[in-house]
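Notes follow once the structure below has been shown.
Note on naming: letters A, B, ... go to the chains in the order of the sequence lines (proteins, then strands), and numbering restarts at 1 for each one. Hydrogens, waters and symmetry mates play no part in the numbers below; they use all other heavy atoms, side chains included. This structure is a prediction, so every number in the text was calculated from the model and none was measured.
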Amino acid sequence: MDQRIILHVDFDYFYAQCEEVRKPDLKTKPVVVCMFSDRGGDSGAVATANYTAREFGVKSGLSIQFAKQKLKDRDDTAFLPADFEYYSELSEKYMNIIKKFADIFEYVGRDEAYLDISEKSERSFTKAGHIGQQIKNEIREKTKLTCSVGISPNKLLSKIASDYKKPDGLTTITPDDVSEFMKKLEIRDIPGIGIKTEQKLAEEHIQTINETRNLDVFTLINMFGRKTGTYIHNAIRGIDDEPVTVRAPTLQLSKITTLKEDSIDYTFLERNMLELCEKLHSAVLKENKMFRAVGIHLIQNDLSTKTRSRMLKNPTLNLDEIKKTSTQLLKDALVEQTIPIRRIGVKVSELSDLEGQSNITSYF
DNA sequence: GACTAGTGTCGAC
DNA sequence: TTACGGTCGACACTAGTC
């Protein structure tokens, strides 16, 4: 097979950079973009923080309270509520700048994308490097933002590469570099290997990529299942065949909220659930989808989760169907419930496009 | 066995 | 020392059906 050249672009601390765009004087201050929960006060988590805030140990995922603690000596810190609509708007604009450099463009999230540039780079890593630099330059000129770019023979390595030097980095891994490059990595640098996988390996006294290499694929499959085991076996060797493809249509939509207070009271939970159903239904209409499954998600106050779901007879976009099914699932789930619920959510899945359907109906 | 439905877990952003 | 969001996709595992 011909050499592929894949490029991964990742905007640095994207949400915080977006805030700096509309308020440039933030640039000299610590900026923490927060997702406040409905519980009020400082309940919630950090979405992202700029590098000034990171110097104080603040990073995404931390509780807002903890972040405030760490930044208590910087009274100029901006703790801003996340404005996802605004970030999405900018993201769309910025992605359009990048798109034209790609043979195939894959949008991954507001702040990242994969580009297959095999043809455009004429399969030369030198030329690919020039393209990477061009992308960074154009983004900087047109948006004042910095991004980090990774270039390699596959998606996995390009993602690792874009993360390797941040912010404002450009890292290329040629096929000849792969083996040396992998040696420098920690297990957790591999996308898809998180805390649980790391712990499970540690239980077997496996702490490094090199030690993991000593496990044969059957052992890994035994530990993690067929797909995950095979994935890990390949990933630690820098092997990945996933093609860059245009983003697949959404498979599920959901709404979740943190309750004002922990509860096991059906009436209270139902009231919150019905509100979520309304919001979810709006999202379904906006996306022009029909659904054929409804599910609920309960997070108990020890952070353990309970989910219930049900397939419907036919695809529908009826709000009452969501309400009826989710409240019934809630009722069933609460039988013998002793642990109070902290967060509650509702989801629709098995989505299908309404567009084709409505065309057919209007045809008759 | 292949397939579907349902529950729970993990990981990424 | 703790503190803890919302959304989505992938997959493991189990049970039931044909």
Side-chain angles (χ1 to χ4, degrees), chain A residues 8 10-16 33-49 58-70 81-82 84 87-88 91 107-113 155-156 159-160 162-163 187-200 221-232 235 242 247-259 262 276 279-280 283 287 292-313 325 329 332-333 342-351:
Chain A
H8 183 249
D10 194 331
F11 285 94
D12 305 317
Y13 60 100
F14 185 59
Y15 302 158
V33 178
C34 303
M35 284 177 295
F36 294 97
S37 80
D38 290 340
R39 189 154 286 203
D42 286 333
S43 173
V46 172
T48 193
V58 173
K59 53 182 183 179
S60 49
L62 286 187
S63 73
I64 295 167
Q65 291 170 51
F66 197 16
K68 289 206 167 170
Q69 184 66 26
K70 284 181 180 283
F84 292 113
Y87 309 144
S88 293
S91 171
Y107 173 88
V108 183
R110 291 187 186 89
D111 69 339
E112 59 174 308
K155 286 168 80 170
L156 170 76
K159 179 154 182 67
I160 297 173
S162 70
D163 198 50
I187 287 184
R188 283 292 296 280
D189 293 332
I190 308 291
I193 299 188
I195 185 121
K196 297 289 180 180
T197 310
E198 182 185 36
Q199 281 168 0
K200 204 160 170 183
I221 288 173
N222 252 322
M223 289 174 75
F224 300 102
R226 185 175 57 87
K227 291 251 189 181
T228 308
T230 310
Y231 170 77
I232 293 172
E242 287 303 306
R247 193 178 150 91
T250 310
L251 300 175
Q252 55 169 281
L253 293 167
S254 65
K255 291 288 167 198
I256 188 166
T257 187
T258 300
L259 299 164
D262 299 356
L276 288 173
K279 288 183 188 166
L280 178 58
E287 295 280 324
R292 205 169 82 82
V294 175
I296 65 166
H297 192 167
L298 305 176
I299 294 151
Q300 312 177 111
N301 77 355
D302 62 356
L303 297 187
S304 64
T305 64
K306 216 182 207 188
T307 62
R308 294 289 182 270
S309 63
R310 181 181 297 165
M311 293 287 290
L312 308 176
K313 287 216 168 55
T325 313
L329 290 169
D332 295 347
R342 178 185 176 85
R343 300 165 66 199
I344 188 170
V346 58
K347 158 185 106 167
V348 291
S349 52
E350 303 293 312
L351 301 181

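- When the P atom of C:dC4 is taken as reference, atom CD1 of A:Ile256 falls 15 Å away, rounded to whole Å.
- Residue A:Glu198 contributes atom CD, which lies 9 Å from atom P of B:dG11 at whole-angstrom precision.
- Using bins of under 30°, 30° to 60° and over 60° for the plane-to-plane angle, the ring pair A:Phe84/A:Tyr87 lands in the perpendicular bin.
- Among the atoms of the strands shown, none is found under 4.0 Å from any heavy atom of A:Thr48.
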Step-by-step side chain to side chain contact (heavy atoms under 4.5 Å, CB included) determination, A:Lys155 to A:His8 = CA-CA 7 Å; A:Lys155 286 168 80 170; A:His8 183 249; over 6 Å; no
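- To the nearest 0.5 Å, the span separating CE on A:Met311 from OG on A:Ser349 amounts to 7.5 Å.
- With values rounded to the nearest 0.5 angstrom, A:Tyr15 atom OH is found 8.5 Å from A:Ser91 atom OG.
- Atoms CD1 and CZ, on A:Ile296 and A:Arg310 in that order, are 10.0 Å from each other to the nearest 0.5 Å.
- Within the structure, every side-chain polar atom (N or O) of A:Thr305 is placed at least 4.0 Å from both OP1 and OP2 of B:dG8.
- Distance CG/A:Leu276 to NZ/A:Lys255: 9.0 Å, rounded to 0.5 Å.
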Which pairs, protein N/O on one side and nucleotides 8-12 of chain C N/O on the other, fall under 3.5 Å?
from, atom 1, to, atom 2, distance (Å)
C:dC8, OP2, A:Ser254, N, 2.5
C:dC8, OP2, A:Ser254, OG, 2.8
C:dG9, OP1, A:Leu251, N, 2.9
C:dG9, OP2, A:Gln252, N, 3.1
C:dA12, OP1, A:Arg226, N, 3.4
C:dA12, OP1, A:Lys227, N, 2.7
C:dA12, OP1, A:Thr228, N, 3.3

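- Comment: A:Asp38 does not engage A:Arg343 in a salt bridge, judged by the lack of any side-chain N to carboxylate O separation of less than 4.0 angstrom.
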May I have the step-by-step check of side-chain hydrogen bond (donor to acceptor under 3.5 Å, both in side chains) for A:Arg342 and A:Thr258, ending in yes or no?
-> CA-CA 6 Å; A:Arg342 178 185 176 85; A:Thr258 300; 5.3 Å; no
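- Of the two residues near DNA chain C, A:Met223 and A:Ser63, the one whose nearest nucleotide lies more 5' is A:Ser63.
- Out of C:dC4, B:dA5, B:dC13, the shortest distance to the side chain of A:Gln65 is found at C:dC4.
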With side chain to side chain contact (heavy atoms under 4.5 Å, CB included) as the test, would you mind laying out the steps for A:Ile193 and A:Phe224 before giving the verdict?
-> CA-CA 11 Å; A:Ile193 299 188; A:Phe224 300 102; over 6 Å; no
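- Interface residues of residues 293-302 of chain A facing DNA chain C, ordered by number: none; criterion, heavy-atom separation under 4.0 Å.
- Contacts of residues 34-45 of chain A with DNA chain C (heavy atom under 4.0 Å): A:Met35, A:Ser37, A:Ser43, A:Gly44, A:Ala45.
- The environment of CZ in A:Arg226 is sparse: at most 12 heavy-atom neighbours from other residues, nucleotides or ligands sit within 6.0 Å.
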Derivation and outcome, side chain to side chain contact (heavy atoms under 4.5 Å, CB included), residues A:Ile195 and A:Arg188 = CA-CA 8 Å; A:Ile195 185 121; A:Arg188 283 292 296 280; 3.8 Å; yes
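- Between A:Arg292 and A:Thr307, the residue whose closest nucleotide on DNA chain B is further toward the 5' end is A:Arg292.
- Atom P of nucleotide C:dG6 and atom CG of A:Leu303 are separated by 12 Å, given to the nearest angstrom.
- Taking the side chain of A:Thr258 as heavy atoms from C-beta on, and the options C:dA3, B:dG6, C:dG5, the nearest nucleotide is C:dG5.
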Step-by-step side chain to side chain contact (heavy atoms under 4.5 Å, CB included) determination, A:Thr197 to A:Ile190 = CA-CA 11 Å; A:Thr197 310; A:Ile190 308 291; over 6 Å; no
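- Applying the side chain to side chain donor-acceptor pair (under 3.5 Å) test to A:Lys306 and every residue at least two apart in sequence or in another chain returns A:Gln337.
- With contacts defined as side-chain heavy-atom distances shorter than 4.5 Å, the pair A:Met35/A:Ile64 does not qualify.
- Within the 4.5 Å cutoff, side-chain heavy atoms of A:Leu62 are placed close to those of A:Lys70.
- The A:Lys159 side chain lies nearest to B:dC13 when the options are C:dA3, B:dC13, B:dG8.
- In this structure, A:Arg308 reaches the sugar-phosphate backbone alone: every heavy-atom distance under 4.0 Å involves primed, P, OP1 or OP2 atoms, never a base.
- Comparing the C1' positions of C:dG5 and B:dA12 gives a spacing of 14 Å, expressed to the nearest Å.
- A:Asn222 places its CG atom 15 Å from the C1' atom of C:dC13, with the value rounded to the nearest Å.
- Stretches of at least 3 consecutive Watson-Crick or G-U wobble pairs, with each checked distance under 3.5 Å, appear in DNA chain C as B:1-13 with C:6-18.
- Residue A:Asp10 contributes atom CG, which lies 11 Å from atom C1' of B:dA12 at whole-angstrom precision.
- A:Ser304 has no side-chain polar atom (N or O) that falls below the 4.0 Å cut-off from OP1 or OP2 of B:dG8.
- Nucleotide B:dT9 holds its P atom 14 Å from the CD atom of A:Gln199, rounded to whole Å.
- As rounded to whole Å, 13 Å separates atom C1' of C:dG5 from atom CG of A:Leu62.
- Salt bridge A:Asp332/A:Arg308: absent, no basic N to carboxylate O contact under 4.0 Å.
- In this structure, A:Lys200 contributes its side chain and A:Met223 its backbone to a donor-acceptor pair below 3.5 Å.
- Put simply, OH on A:Tyr15 is 10 Å from C1' on C:dT7, counting in whole angstrom units.
- For DNA chain C, no neighbouring residue in residues 187-196 of chain A is found when judged by any heavy atom under 4.0 Å.
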